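Structure, as structure tokens:
Reminder, nothing fancy here: chain letters follow the sequence lines and each chain counts from 1. Model, not experiment: these values are computed from the prediction.
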Protein chains: 2
Amino acid sequence: MTETLAAIISSSGPRYRTATEYVEATLKRAILDGTLAPGTPLRQEDLAATFKVSRMPIREALRQLEAQALVDFEPHRGAVVVQITLQDAMDNYAIRGALEPQALRLSMPHLTDEDFSIADEILSEIDQESDPGRMGELNRRFHMTLYAQAGLPRLIALTEQHLATADRYLRFHLAAVGDMGQDEHRALLAACRGHDEAKALAVLATHHGRAAAALQAFFRGRSDTSL
Amino acid sequence: MTETLAAIISSSGPRYRTATEYVEATLKRAILDGTLAPGTPLRQEDLAATFKVSRMPIREALRQLEAQALVDFEPHRGAVVVQITLQDAMDNYAIRGALEPQALRLSMPHLTDEDFSIADEILSEIDQESDPGRMGELNRRFHMTLYAQAGLPRLIALTEQHLATADRYLRFHLAAVGDMGQDEHRALLAACRGHDEAKALAVLATHHGRAAAALQAFFRGRSDTSL
DNA sequence: AATTGTTAGATTGGATCCAATCGACAGGCA
DNA sequence: TGCCTGTCGATTGGATCCAATCTAACAATT
């Protein structure tokens, strides 16, 4: 874990205002993209050394991640990256199955031609991409583009957060199915272009249903339901 | 603020495992029930003195509250209780308008007679209650009773969290309307008893719509949209 | 008089230190 | 042998300390 994490750290992107912010964002990315596997214990001392800060910003960052259900905290026993369970995955699909249609409904009437062409472009990129991590990001960006005009920042942020945690499952889905439903993506985009709300919502529901079913199948092929 | 907060602290309820847990739960309750008004600056030193702990557990608790969008953090300027804006309230209604029907749909088929009688009892309590803070809690418990059998812990927790933040608006709603829709509560419960999913979802949508409209009216009667 | 530069106090961010708790292992005892 | 218990190292929870930054008041200059 340490090498890869150190690599992420040095690959400087945006500048952060505080160490806590920086640690939180980096750890979050590492958990979501699988660099930090489920169940990994997060030793404060080790992380402090890796990030070259004291334990305090680490602790604050871990608390924030706890509130986002990305790490589990057990008093005096430390934090671990939360496991991926079939239960949690289904839970996530149920939440997104509620939030995304709402976001889409509110956003659809205000989508612009520019939004549509951005979405088009993302779909092309997905076709050419093979790296699962990057595909997850593109998938998320495609969906969020369609929800972006909902006009309600909290709803949008919440939806994005749950789409992001789905990245953790998406890699298994990809392993099982091989594609991520580009046909449905295109059908969804077409329905949005045509301002056909009913059609768009139906396609979105199908999209979610297929993904959930694929993930269930993946877990059924395994002995345990956690990982 | 200090007196009331101190009262909350001394009114010992459950025992907490760590000071951080305790501070977080107490601050959260104080923010949600209005003891800590929107915009209140949260000085770490003051809170530490009030809670009789050092600043560190305070900081960790504040970070968790930040992740729950209950306090705003500005680097080197401290934390303040987030403002209540019409925008945020509408955002909250949109989120609950997505989550609660989903929770109800999944829970309804598994509701037991005991659940129904618990819900009955809560409705009676609401009738006899006049304190706004306590009414908010009872309202939340009524709704959550109907969602409790959804079987998906994250969905339930997320729904409860957003119902809880609604307590912050509920007092204005109560001030404007005077009652909290007990007729609709009873209609909703009856529909659940009769396993009439369509009816229950329709009543729930009406319930939300009325509440949102009342809150908009309340804000329209004011010069600004924040508070 | 208004604006800008400066400085002191308050407050937070981060580091270091100490105390409390947990886990593992070794040894005593039935 | 199996179980209980006590001790020790590792690790976290919490306290204290120092550095960085912000705010506000005041002085100086135009």
Tell me the interatomic distance from [X], atom [atom1], to [N], atom [atom2], rounded to whole angstroms.
| X | N | atom1 | atom2 | result |
| --- | --- | --- | --- | --- |
| A/Asp46 | D/dT11 | CG | P | 7 Å |
| A/Arg43 | D/dG9 | CZ | P | 18 Å |
| B/Arg63 | C/dT12 | CZ | P | 12 Å |
| B/Glu60 | C/dG13 | CD | C1' | 14 Å |
| B/Phe51 | D/dG14 | CZ | P | 13 Å |
| B/Tyr22 | D/dG14 | OH | C1' | 16 Å |
| A/Tyr16 | C/dG14 | OH | P | 14 Å |
| B/Ile58 | C/dT11 | CD1 | P | 15 Å |

Has the side chain of B/Asp91 got a donor or acceptor atom that lies under 3.5 Å from a matching backbone atom of A/Arg154?
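The answer is yes, because a donor-acceptor pair under 3.5 Å joins these two groups.
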Are the side chain of B/Ser124 and the backbone of B/Asp120 linked by a donor-acceptor contact shorter than 3.5 Å?
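Pair found, side chain donor or acceptor close to backbone of B/Asp120.
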Anything under 3.5 Å between a protein N or O and an N or O of nucleotides 6-8 of chain D, put it in a table, one pair a line.
none

Residues touching DNA chain C, which here means a heavy atom under 4.0 Å, drawn from residues 71-78 of chain A
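Residues of residues 71-78 of chain A that come under 4.0 Å of DNA chain C are, in numerical order, A/His76, A/Arg77.
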Is A/Thr20 close enough to C/dG14 that one of its side-chain N or O atoms is under 4.0 Å from OP1 or OP2 there?
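Result: yes.
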Does B/Gln44 put a side-chain nitrogen or oxygen below 4.0 Å from OP1 or OP2 of C/dA10?
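For C/dA10, OP1/OP2 do not have a side-chain N/O of B/Gln44 under 4.0 Å.
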Output every pair passing side chain to side chain donor-acceptor pair (under 3.5 Å) with a member in residues 144-153 of chain B, not counting sequence neighbours, ordered by first then second residue.
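Output for this query lists B/Glu100-B/Tyr147, B/Asp115-B/Gln149, B/His143-B/Tyr147.
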Taking B/Arg140 first and then B/Glu137, would you say they form a salt bridge - that is, a charged N and a carboxylate O separated by under 4.0 Å?
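No salt bridge links B/Arg140 with B/Glu137.
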For B/Arg63, is there an ion pair with A/Glu66 - N to carboxylate O distance below 4.0 angstrom?
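Result for this pair is no, no salt bridge flagged.
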The test is salt bridge (charged side-chain N to carboxylate O under 4.0 Å, His left out); show your working for B/Glu74 and A/Arg17 and say whether it passes.
CA-CA 10 Å; B/Glu74 206 65 35; A/Arg17 295 177 299 178; 3.6 Å; yes
Listed by chain and number, what are the ring pair (Phe, Tyr, Trp, His ring centres under 6.0 Å) partners of A/Phe142, not counting sequence neighbours?
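A/Phe142: ring pair (Phe, Tyr, Trp, His ring centres under 6.0 Å) contacts with A/His185.
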Which pairs, protein N/O on one side and nucleotides 15-19 of chain C N/O on the other, fall under 3.5 Å?
| unit_1 | atom_1 | unit_2 | atom_2 | d |
| --- | --- | --- | --- | --- |
| C/dA15 | OP2 | A/Ser54 | N | 2.6 |
| C/dA15 | OP2 | A/Ser54 | OG | 2.7 |

I'd like to know if the side chain of B/Glu24 pairs up with that of B/Gln68 as donor and acceptor (distance under 3.5 Å, no hydrogens or angles considered).
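B/Glu24 vs B/Gln68: donor-acceptor pair found between side chains.
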Aromatic rings B/Tyr93 and B/Tyr169: how do their planes relate, parallel, tilted or perpendicular, breaks at 30° and 60°?
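The arrangement is tilted - the two ring planes meet at 30° to 60°.
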Using the test side-chain hydrogen bond (donor to acceptor under 3.5 Å, both in side chains), find all partners of A/Ser130 that sit at least two apart in sequence or belong to another chain.
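Result, side-chain hydrogen bond (donor to acceptor under 3.5 Å, both in side chains) vs A/Ser130: none returned.
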Set out, in order, the CA-CA distance, both residues' side-chain angles and the distance that settles side chain to side chain contact (heavy atoms under 4.5 Å, CB included) for A/Val82 and A/Arg168, then state yes or no.
CA-CA 11 Å; A/Val82 293; A/Arg168 303 184 76 210; 3.2 Å; yes
